[in-house]
Structure formats: C-alpha cells, structure tokens
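In what follows, a single structure is set out as structure tokens and then discussed.
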Amino acid sequence: MRTDHIIKVLDQVSVSGLSEHQRKLIAEHISHCSRCERAFQAAQMAEVLLRERAAVTTEVPPFFQQKVLARLREKQAPPIAGTFWEMWRAAGLLISSMTALVLLLLALSSFPPGSSPPEELPELAAGFSADPAEGVIFGVDQLANDEMTYDQVLAAIYHSEDAR
Amino acid sequence: MSLAREGDEFAFEEIVRRYSPRVFHIASRFFRQRSQVEESAQEIFLRAYTRLVDYEGRGSLEGWLTRIATTTCLNLLRSLQRHPEMSLTDLTTEESKWMEDRLLDSAARHHRSQEDSLIAADLADKVLDNLSPEDRLVLMLIDGDEASVKEVAEMTGWSESKVKVRVFRARRRMREAVEKLLATPQESRQAKQRTTAGKK
C-alpha cells in the first residue's frame with residue numbers, strides 16, 4: 001500500500017465511518033509505517049475532540065425572548081431628535097452663509113479711510129457764507145501745511161468782498 | 001408566521017421561544033463562551049425578523065432559521081480576530097496529559113469524567129481556532145454532530161460537492177494540527193515545567 005493512500009482514506013472518511021475492510025488494511029499498513037500510524041492516531045484524536053466539543057451545549061437563558069424583543073424595539077425606535085449631527089446638517093447652509101457674511105464685514109471694516117471727513121466741508125462752507133473774513137481766516141487756519149503771506153491773506157479777504 | 005411578518009410582536013416572540021433551542025445549538029458550534037452564544041443568538045433572531053418578508057413558505061421555518069443562523073454565525077466568526085497558530089507550549093498541563101492518556105488507551109472506551117470532557121472541549125476549541133470558519137463548521141456538523149452531507153448543504157446553501165471538498169480539506173487540516181501537538185508532547189511538557197520553575 002502506498003504511504004499516502006491511508007492518509008487519503010483518513011481524510012475522506014471519518015474514523016468511525018471506516019468499513020471493516022478499510023480498518024483491516026489500515027491496521028496492516030500502520031504496523032510497518034510509523035508515519036501513517038501517527039496520522040491514524042491524530043485522526044482518531046481529532047474525532048474524539050470534535051465529539052467532545054459537540055457535546056457541549058448552551059441552554060437558553062430565562063427571559064431570552066424578552067431580551068430579543070427589547071433589542072428589536074430599540075432598533076426600530078426613531079433616532080433621537082436634536083442631536084448635534086442632525087442639527088448641524090439641518091442648519092449647515094444657514095451657518096455657512098452667516099459665517100461668510102461675518103467674514104465679509106470684517107474684510108470691509110479693515111480698509112482704512114481714504115479722504116478727509118465730509119463733516120469738515122459744510123463747516124468750511126458755513127464759515128465762508130456767514131462771515132467771509134472769519135471764514136477765510138478759519139479757512140486759512142484749516143488749510144493743512146499752507147503758509148500764506150500777509151499780501152495773500154489781504155487779497156483773499158478783499159476778493160471775497162468784491163465777489164459779494 | 002404571517003402575523004409575525006405583519007409586525008405582530010407576540011407572534012414573533014412565539015417564534016423566538018419555539019426555535020431558541022435550535023438556534024442556541026447552532027451558535028454553540030461556533031462559540032464557546034455563553035455570552036458569545038447568547039449575543040449571536042440575538043443577532044440571528046434580529047436578522048430573521050428583518051428577513052421575514054423573504055420567507056416564501058417553501059421548506060420548514062426551522063430549516064429557514066437554521067440557514068440564517070449558520071450564515072450569521074459564519075459572518076460573526078470571520079469578523080473575530082483569528083488566533084495565531086498554536087504551538088505545543090500553548091497547551092496546559094491537563095491538556096497534554098489528556099492527549100497522552102488518549103494515546104495510550106485510544107481504542108478502548110474508558111470512563112471519562114466531566115472534567116476530562118471539559119478539557120477535551122477546550123482543547124478542541126484551540127485546535128479549531130486554527131481552521132477557517134467554514135472548515136470549522138463542516139467538521140463540527142459532520143464529524144461532531146454526525147450530520148449528513150445533504151443536511152449540511154441545506155444549512156449552508158452550498159452544493160453537496162462543495163461540502164464534500166470542504167470536509168476533506170478540513171479533516172486534513174485538523175489532523176495535521178493534532179499531529180503537530182502529538183509530535184513531541186513529552187518534550188513540551190518538560191519545557192513547560194522548566195519555564196514554570198524558572199519563573200518561581
């Protein structure tokens with residue numbers, strides 16, 4: 001008998017399922033083949049282990065049905081409203097637009113003013129129409145970095161009188 | 001069944017009560033710890049509830065539930081982390097002794113105590129952990145429960161040819177794993193004793 005033949009038989013049929021003829025052939029072979037003898041012993045032990053393992057049973061614990069139903073109801077229950085994630089998804093567009101608006105306002109407020117304040121012009125005009133001389137003087141005083149000679153001041157005063 | 005399909009909880013509760021033993025039996029083929037068996041049994045019934053609409057009434061309800069139980073347990077077992085290949089030093093002293101006793105008296109049916117049975121079941125789990133979930137299933141059903149190839153094919157949805165090929169390969173892998181354990185049990189026990197003495 002070929003050495004691998006008995007091993008093939010052991011893998012095809014369980015030890016308890018061997019026929020008498022097969023058992024006879026195996027016994028004859030393993031008497032002079034230690035390799036197959038170990039294989040046969042391992043097959044026998046494997047089957048015993050499987051039988052012992054199969055004999056282990058777990059009984060149904062009390063109230064098992066109630067536990068299953070409780071879990072079923074838990075699974076079927078609607079998700080909790082007001083969770084952060086649902087709120088975020090619902091308000092995402094609004095929050096995004098508000099954030100964009102705030103950023104825009106910050107950007108606009110960060111630009112510096114480019115010209116003199118407009119409130120100063122009406123005062124200057126008021127100063128000219130009410131009292132030209134004083135207005136000129138006030139106007140001269142408000143002129144930034146302008147230095148006028150005495151002749152220029154007189155010319156400016158009398159020019160305004162001639163215009164009235 | 002029709003009431004359960006319409007959402008009648010009392011009807012479904014009756015199904016759970018009636019078929020729990022069967023479902024627990026199948027789940028215990030895959031898992032050893034009671035908590036895992038119960039957890040997987042709950043998963044099986046929850047899945048069955050969602051698939052009630054798919055049950056067309058062909059075949060028995062028990063057979064239909066058995067199939068769901070088998071596939072659910074297979075999926076659960078696949079998701080668990082596999083143990084590394086066990087070595088001889090992973091055996092406890094009791095397990096090594098059990099194997100040696102079996103070798104010496106493997107043919108005779110000697111009286112086995114409950115403790116011996118538990119040791120053997122633990123050892124079987126260790127060896128089966130080295131197999132794939134599918135191989136474990138076919139071996140437990142065919143060699144453990146003495147189920148027929150046809151019954152296993154109905155439970156798993158596999159063809160009978162596939163079941164035969166699977167059981168052939170599974171037996172070979174289990175036999176090879178046990179051969180490794182049997183290779184040098186005496187040396188292993190001595191090494192373990194030396195290790196234990198060194199730690200003390």
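Below, read A as the first sequence line, B as the second, and so on, with proteins coming before strands; counting in each chain starts at 1. Fair warning: this is a prediction, and the values are worked out from it, not measured in the lab.
Rounding to the nearest 0.5 angstrom, the gap separating the NZ atom in A:Lys75 from the OG1 atom in B:Thr50 is 6.5 Å. The CZ atom of B:Arg175 lies 4.5 Å from the CG atom of A:Asp11; values are rounded to the nearest 0.5 Å. From B:Leu123, atom CG reaches atom CE of A:Met45 across 8.5 Å, with rounding to the nearest 0.5 Å. If you take CG on B:Leu139 and CZ on A:Arg53, they are separated by 12.5 Å, rounding to the nearest 0.5 Å. Within the model, atoms CZ of B:Phe24 and OG1 of A:Thr57 stand 11.5 Å from one another, a figure rounded to the nearest 0.5 Å. Distance check: B:Arg171 CZ to A:Ile7 CD1 gives 15.0 Å after rounding to the nearest 0.5 Å.
The two atoms that bring B:Ser28 and A:Val56 nearest to each other are OG-O, 4.0 Å, heavy atoms only. A:Ala54 and B:Asp145 get closest at one heavy-atom pair: CB-OD1, 3.6 Å.
The greatest number of non-hydrogen atom pairs below 4.5 Å with chain A, out of B:Met174, B:Glu176, B:Arg169, is found for B:Met174. Heavy-atom pairs under 4.5 Å with chain B were tallied for A:Glu47, A:Arg38, A:Arg71; the largest tally goes to A:Arg71. Most heavy-atom pairs under 4.5 Å with chain A: of the set B:Ile142, B:Leu141, B:Asp125, this distinction falls to B:Asp125. Put simply, of B:Val23, B:Leu46, B:Leu118, the one with the most heavy-atom pairs under 4.5 Å next to chain A is B:Leu46. Residue with the most contacts toward chain B among A:Gly17, A:Ala43, A:Ser14: A:Ser14 (heavy-atom pairs, distance under 4.5 Å).
Residues of residues 60-67 of chain A lying under 4.5 angstrom from chain B, judged on non-hydrogen atoms, are A:Val60, A:Pro61, A:Phe64, A:Gln65, A:Gln66, A:Lys67 in numerical order.
Proximity to chain A (any heavy atom under 4.5 Å) is restricted, for B:Arg136, to the side chain, taken from C-beta onward. Interface remark: B:Ala41 contributes backbone and side-chain atoms alike to the contact with chain A (heavy atom separation under 4.5 Å). There is no contact between A:Val15 and chain B, counting heavy-atom distances below 4.5 Å.
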(message) B:Trp98 vs A:Val48, test: side chain to side chain contact (heavy atoms under 4.5 Å, CB included). Steps then yes/no.
(response) CA-CA 12 Å; B:Trp98 185 91; A:Val48 170; 3.8 Å; yes
(request) Carefully, step by step, assess B:Phe168 and A:Gln12 under the rule side chain to side chain contact (heavy atoms under 4.5 Å, CB included). (result) CA-CA 5 Å; B:Phe168 178 87; A:Gln12 279 175 342; 3.6 Å; yes
(request) Take A:Gln41 and B:Glu179 through the side chain to side chain contact (heavy atoms under 4.5 Å, CB included) test and state the conclusion after the steps. (result) CA-CA 8 Å; A:Gln41 286 172 343; B:Glu179 271 190 70; over 6 Å; no
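Looking at B:Phe12 and A:Val68, their side chains come closer than 4.5 Å, going by heavy atoms from C-beta outward. Looking at heavy atoms from C-beta onward, B:Phe45 lies out of side-chain contact with A:Leu72 at the 4.5 angstrom threshold.
More than 12 heavy atoms of other residues, nucleotides or ligands lie within 6.0 Å of CG in A:Leu106, so this atom counts as buried by the packing criterion.
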